[in-house]
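Since the model is a prediction, treat every value here as computed from it, not as a measurement.
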Amino acid sequence: MDFGTLKQLIHDRRSVRKFNETPVSDEDLHELIDCARYAPSDTNSQTWEFIAVVNRDKIKAIEDMTWDELHKRAQAAEAQGLAREARMLLKSFGPYATAFSDAPALIVCLATPYQSKFREKIFDPIGLVEDDVWREEGIKSSCLAAMNLMLAAHAKGLATCPMTGPVLLAEARLREFLGIDQTRQVNMVIALGYPAEVPGKLPRKEVDEILTIVR
């Protein structure tokens, strides 16, 4: 693949929130995770795991628990005199937090504990950093793998939408529902399927706004 082709693939990827009913095959799921696992990671720690939910009833249950927690937050905000913010939470954020509702597959991205020979033999003995830093390292690498997955999906004609709404709102219930071990961090969920519609290209900051070259 030449640079122009790769750049076009990256530029054309969209976050899609409307999917048709075509299921995602097990073969495609394996292919996507095969691409995800080749992401870089801190000292090749490969701090990622994935749960692919392809049962529509289970996806609906995750949507329902997310909305349930949203309504609880809205009620709490209203009780504090924040009725306007409560309405905005439900009307504006709610659809974004549950944009996986009609997707045929939902990928739950996990970050596993960071472990390496460097941590075991050097970092931990000298107390290099607090344990929370290692949790962050796991999340960082998991995010890189998630990007690989989404670009691979786009290359196969599939669409994705990464979301943290269910994690922010209903992580405890999501953990219990899917049997996720407490040693794993829930990073994000990714809606996956064939697009029913593709949104237009959103504006991006200019390169000169975000790039500093130090000479």
Side-chain angles (χ1 to χ4, degrees), residues 15-17 19 23-24 26 28-30 32-37 39 41-42 45-77 86 89-90 92-116 119 124 129-150 153 158 160-193:
S15 291
V16 172
R17 296 175 174 85
F19 301 88
V24 179
D26 288 359
D28 279 342
L29 290 171
H30 279 88
L32 297 183
I33 300 307
D34 184 34
C35 291
R37 71 192 178 105
S41 61
D42 192 343
S45 52
Q46 303 179 51
T47 55
W48 46 63
E49 289 177 359
F50 304 90
I51 300 173
V53 184
V54 295
N55 181 296
R56 292 276 190 172
D57 290 338
K58 288 182 168 61
I59 293 173
K60 181 64 167 63
I62 295 171
E63 179 195 6
D64 289 345
M65 69 178 68
T66 304
W67 272 114
D68 185 42
E69 294 299 325
L70 263 168
H71 281 285
K72 288 179 182 178
R73 303 297 203 287
Q75 290 168 5
L89 179 68
L90 294 175
S92 299
F93 181 60
Y96 275 90
T98 57
F100 57 86
S101 58
D102 66 349
L106 184 67
I107 309 298
V108 182
C109 303
L110 307 179
T112 59
Y114 170 76
Q115 302 292 345
S116 76
R119 181 178 179 186
D124 281 353
V129 293
E130 300 294 328
D131 282 348
D132 283 348
V133 173
W134 300 127
R135 290 172 58 84
E136 292 175 9
E137 290 300 303
I139 285 286
K140 291 171 187 174
S141 295
S142 176
C143 286
L144 295 173
M147 191 69 246
N148 268 20
L149 186 156
M150 289 186 283
L158 289 156
T160 57
C161 184
M163 286 165 280
T164 57
V167 184
L168 294 172
L169 295 161
E171 180 178 358
R173 293 174 65 174
L174 184 64
R175 282 181 176 280
E176 182 179 3
F177 185 66
L178 295 177
I180 299 171
D181 190 277
Q182 286 298 324
T183 62
R184 272 62 180 146
Q185 298 178 84
V186 186
N187 185 3
M188 68 180 80
V189 301
I190 299 175
L192 173 68

Could you grab the distance from atom OG1 of T47 to atom CZ of R184, nearest 0.5 Å is fine?
-> 10.5 Å
Which distance, rounded to the nearest 0.5 Å, do you find between the CG of N55 and the CG of L106?
-> 11.5 Å
Is there a side-chain contact between F50 and L32 (heavy atoms, below 4.5 Å)?
-> no
Separation between CD of E63 and NZ of K60, rounded to the nearest 0.5 Å | 5.0 Å
Given side chains that start at C-beta, do those of V186 and V108 come closer than 4.5 Å, heavy atoms only?
-> yes
Shortest non-hydrogen separation from F93 to G165 and the atoms involved | CZ-CA, 4.2 Å
Check: V189 and V53 side chains under 4.5 Å, non-hydrogen atoms | no
Could you go through the side chain to side chain contact (heavy atoms under 4.5 Å, CB included) check for N187 and V167 one step at a time?
-> CA-CA 7 Å; N187 185 3; V167 184; over 6 Å; no
Once you round to the nearest 0.5 Å, how far does CE of M150 lie from CD1 of I190?
-> 4.5 Å
Where do R56 and D102 come nearest, in terms of heavy atoms and distance?
-> NH1-O, 3.0 Å
Quick check: are there more than 12 heavy atoms from other residues, nucleotides or ligands sitting under 6.0 Å from CZ of F177?
-> yes
Are L169 and R73 close enough that some pair of their side-chain heavy atoms sits under 4.5 Å apart?
-> yes
Carefully, step by step, assess I33 and L149 under the rule side chain to side chain contact (heavy atoms under 4.5 Å, CB included).
-> CA-CA 6 Å; I33 300 307; L149 186 156; 3.7 Å; yes
Tell me, with the steps shown, if E176 and R173 meet salt bridge (charged side-chain N to carboxylate O under 4.0 Å, His left out).
-> CA-CA 5 Å; E176 182 179 3; R173 293 174 65 174; over 6 Å; no
Which pair of heavy atoms, one from D28 and one from L158, lies closest together, and at what distance?
-> OD2-CD1, 4.3 Å
Determine the sole option in D131, I139, D132 for which the side-chain contact (heavy atoms from CB on, under 4.5 Å) test with R135 is passed.
-> D132
Heavy-atom closest pair (P162 atom, S15 atom, distance to 0.1 Å) is CD-OG, 3.7 Å
Would one find more than 12 heavy atoms of other residues, nucleotides or ligands at under 6.0 Å from atom NZ of K58?
-> no
Close side-chain approach of S141 and W48, heavy atoms under 4.5 Å | yes
Hey, what do you get for CD1 (I107) to CG (L29), rounding to the nearest 0.5 Å?
-> 5.5 Å
Taking only residues two or more places apart in sequence or in another chain, which ones pass ring-ring contact (aromatic ring centres under 6.0 Å, His included) with Y114?
-> W134
Where do A103 and A191 come nearest, in terms of heavy atoms and distance?
-> CB-CB, 3.9 Å
Decide yes or no for M188 and C143: does some side-chain heavy atom of the first lie under 4.5 Å from some side-chain heavy atom of the second?
-> yes
Distance, nearest 0.5 Å, that separates CZ of R17 from OG of S101 = 11.5 Å
Is a donor on one side and an acceptor on the other found under 3.5 Å between the side chain of S45 and the backbone of S41?
-> no
How close do A97 and L70 get, heavy atom to heavy atom, and via which atoms?
-> CB-CD1, 4.4 Å
